[in-house]
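We use all heavy atoms of the structure for the numbers below, so side chains are in, but hydrogens, waters and symmetry mates are not. Predicted model only: the values in this text are computed from it and were never measured. Lettering follows sequence order; numbering is per chain, from 1.
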Number of protein chains: 2
Amino acid sequence: MAVTDSTHGTMAAFQLIAVRVADSDGATGLGYTFTVGHGGTAVLALLRDDLADWLVGQPADGIGELWQQMWWRLHWVGRGGVASFAMAAVDIALWDLQARRAGRPLWQHLRETVEWLTGADSPPVVTPYVGGIDLEDPIELLLDRTRDRLESGFRAIKMKVGRPDLAEDVERVTAMRGLLGPDIPLMVDANMRWSVDEAITAARALGGLGLVWLEEPTAPEDWDGHARIADEGGLPIAAGENLHSVAEFRELITRGGVSYPEPDVATVGGITPWLEVARLSAEHDLPITTHGVHDLHVHLLAAIDHASFLEVHGFGLERFIGDPLVISDGQALVPDRPGHGVELDWERLRKSEI
Amino acid sequence: MAVTDSTHGTMAAFQLIAVRVADSDGATGLGYTFTVGHGGTAVLALLRDDLADWLVGQPADGIGELWQQMWWRLHWVGRGGVASFAMAAVDIALWDLQARRAGRPLWQHLRETVEWLTGADSPPVVTPYVGGIDLEDPIELLLDRTRDRLESGFRAIKMKVGRPDLAEDVERVTAMRGLLGPDIPLMVDANMRWSVDEAITAARALGGLGLVWLEEPTAPEDWDGHARIADEGGLPIAAGENLHSVAEFRELITRGGVSYPEPDVATVGGITPWLEVARLSAEHDLPITTHGVHDLHVHLLAAIDHASFLEVHGFGLERFIGDPLVISDGQALVPDRPGHGVELDWERLRKSEI
């Protein structure tokens, strides 16, 4: 399966890297991360050569402390990048193990055990949206696919922008809004395509179309650029899928560059830092959205009080995941299996080994 | 060889990762990077699985363009971390090849070909300093080793600070200043040990001892913290060995957090981004110092007009490097062999393979 967006070009293969942990009582946990085609064996090398042996014998319940130790163990080559992917796989596995031991679904386990999380008794509600990697699709195909998505139960849609000619973006988004009517939430994603000035121009041009957010308008580390786009462009900004540390989110958030922080648990270092980003966002009254790995993020959004939309985007991993997320009438079914409840098809994975 | 500092703990092994490139005429170039004990196989995996095949057949002379392509190729797992190490090894090899083809030492080749570099006719002068990883050394041993270093030709010394009790740091630095007298430059390095407030307190306590700089006082990504330490502590700040992108240096520099930017060519992504950091530093009137791999950095400091001290620190790599840097009477001999002139002992490296 090859897909394209405005910046990543053609992505011919995704890579899934999984970690299984077991404690001395035989309880197990599963964690995983993914790449868009490069770096998978590097993530694997960190896990195999720098983390696995060291993890054996560590106490499984002090996840925060273990996370800090991993951070410093990998610090010289870390502070983001490949290290955040490897740490994510380990951290997710540890949380899964802990929730399974407690016999609770992950979202509930987080509500029960993470001090700042409130709302333990309210029912978990997670509203998904779906996007296509559709920048190259002709308008008719784009609309046809959107009709299919609405029929599948989605009630919120994201589309790509960043065509060479801004007028085409406006035309495509206008057509989409025409199809959706005024009430169905619509987001657009530029995948870092634009300069700051281009993004401001584009945001203004797209301003009358009732967009929930403009995502990744420019280079992810241009904090002040994001703030200018938010101020001068007039659209709410979603960003964060390319940030790999809490410190990076702190910059983006405190400098006013984002309305919808979008941490990816599989690439920001795991559930432990994801929750830190969520806490920071709550302090700034910003709702959290997510990127990828929706089978994990459904739990994280269900656990917090300030959840925005859940991105449903399989990145090809769905072929290896049993019991996939169920979407019904605009809502995601929050799983009640212990832990995150994801099972991987190891037989099939083995055949695709990197 | 095991060494310690205030933050990294015991580092039992360094890892050297090398890249050799050859062009279609048979000209060759050598690049390398290193780790402090973890991540070496991950760097190798990126090189072998994500860069090597793609590099074959690319034009060897458009290094800036190739660098950008590498950046975007690895972007999803990159923007720093392991990717910056792998890219550094490739980029250094490409510059070495280009300088060797031109028959010029690297420093001269850079002066001739990099547009913003001036001073092409002035003799290259590089002043080294040497440091020990000596935080645990008793004062007498510290002073003895310093005497040896002065006898070896060094006329500038760096020592570690960050003892549990600040009074010990003051005592040790005072003793060192007593040994050196008022004229020999002395720097101190805290290896990220302190909080911002602790660093300010420490900087003030060390203020009367004629220090050239206080290095890495706190967490590398705390830009505003560095600026506060510089403002309120009263000592010049050196920092950057843990930064892995030009964007990170831009933050640190533009927010006033550093007096002596300290990019490490082997971990910031190579010569191409190192020069960008140098240009940015020149624009802010900041002299550049370096970290590690002195056999490469001697060329880079020789090429620029705003060089501060060259750190001489082998990280164990010196066992594998022929023709090591020569220090004489307080100066580093700038090599005149084509390229960077470093040859690795491949036989010996093979025996230590990771």
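Separation of atoms NE2 (His75(B)) and CG (Asn242(A)) is listed at 5.0 Å; rounding is to 0.5 Å. In this structure, the separation between CD on Glu251(A) and CG on Asp224(B) is 6.5 Å, given to the nearest 0.5 Å.
The contact between Leu243(A) and chain B is made by backbone and side chain atoms together, counting heavy-atom distances below 4.5 Å. At a 4.5 Å heavy-atom cutoff, the contact between Thr35(A) and chain B is made by backbone and side-chain atoms alike. At a 4.5 Å heavy-atom cutoff, the contact between Arg73(B) and chain A is made by backbone and side-chain atoms alike.
Highest contact tally toward chain B, considering only Val82(A), Thr33(A), Val43(A), is held by Val82(A) [criterion: heavy-atom pairs under 4.5 Å]. When Ala247(B), Ala45(B), Gly37(B) are compared by the number of non-hydrogen pairs under 4.5 Å with chain A, Ala45(B) comes out ahead. The residue among Ala42(B), Ala83(B), Gly81(B), Ala86(B) with the most heavy atom pairs within less than 4.5 Å of chain A is Ala42(B).
Ring centroid separation for the pair Phe14(B) and Trp76(A) does not come in under the 6.0 Å cut-off.
The only option from Asp50(A), Leu46(A), Asp49(A) that meets the side-chain contact (heavy atoms from CB on, under 4.5 Å) definition with His38(B) turns out to be Asp50(A).
Electrostatic pairing of Arg250(B) and Glu221(A) does not count as a salt bridge here, judged by no charged N lying under 4.0 Å from a carboxylate O.
In terms of heavy-atom proximity, Arg79(A) sits nearest to Pro220(B) at NE-CG, 3.5 Å.
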